[in-house]
Amino acid sequence: MDSIFGIGAPELFVILLLAGLLMGPRQIRRVARLLGLWTARAQRYYRSFVTQLNEEIDTLEAEDVREAFREVQTLGRQMDSIGRDIRGAPGALMGGVQTAGTETRQTLRETMQELAAAPPPVEAAENTIQPPRPLEVADDPAA
């Protein structure tokens, strides 16, 4: 910092020298002591303010950390739930396959019973397919 309130170091030295000449040796001690007390008081206020500000920042950071920790715990619970669902999926799939197999077997049995109870098929001669016969066309006399 080059200057205080726009006053450089040489200007401040001149002001202090003039103040010392005008006040005399007794009063300069009182003024210096008073300035020292005010400076110490200002430093205490500054330190107190900085300490309080740092505590508030730490509190806010601690709350942010706690909130982040809660979010991580919630995510962990969700991941556990998903893991349980994934581990249970093969069993559920096998249960579905077994149910489908049982239903298919039952449907097959019912169809076989219906076929066994159906009337006998019609004679084979009636159901055979005959090959097509060639068409007989009379010869064209003009040709």
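For clarity, every value in this text was computed on a predicted model and none was experimentally measured.
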| message | Once salt bridge (Lys or Arg N to Asp or Glu O under 4.0 Å) is applied, do any residues pair with R70, and if so which ones, sequence neighbours excluded? | response | E67
| What distance do S48 atom OG and R44 atom CZ have between them, rounded to the nearest 0.5 Å? | 10.5 Å
Which donor-acceptor pairs under 3.5 Å do the side chains of residues 97-114 make with protein atoms, sequence neighbours left out?
from	atom 1	to	atom 2	distance (Å)
T99	OG1	G95	O	2.8
T102	OG1	Q98	O	2.8
T104	OG1	A100	O	2.7
Q106	NE2	E110	OE2	3.3
T107	OG1	E103	O	2.8
T111	OG1	T107	O	2.8

| task | List the atom of V31, the atom of M23, and the distance in Å for their closest heavy-atom pair. | result | CG2-SD, 3.5 Å
| request: Only counting residues at least two apart or in another chain, list the ones meeting side-chain contact (heavy atoms from CB on, under 4.5 Å) with V50. | output: Y46, N54
| query | Measuring from I86:CD1 to R84:CZ, what's the distance to the nearest 0.5 Å? | reply | 11.5 Å
| message | Are F49 and I57 linked, directly or through intermediate hydrophobic residues, by side-chain heavy-atom contacts shorter than 4.5 Å (ILVMFWY only)? | response | yes
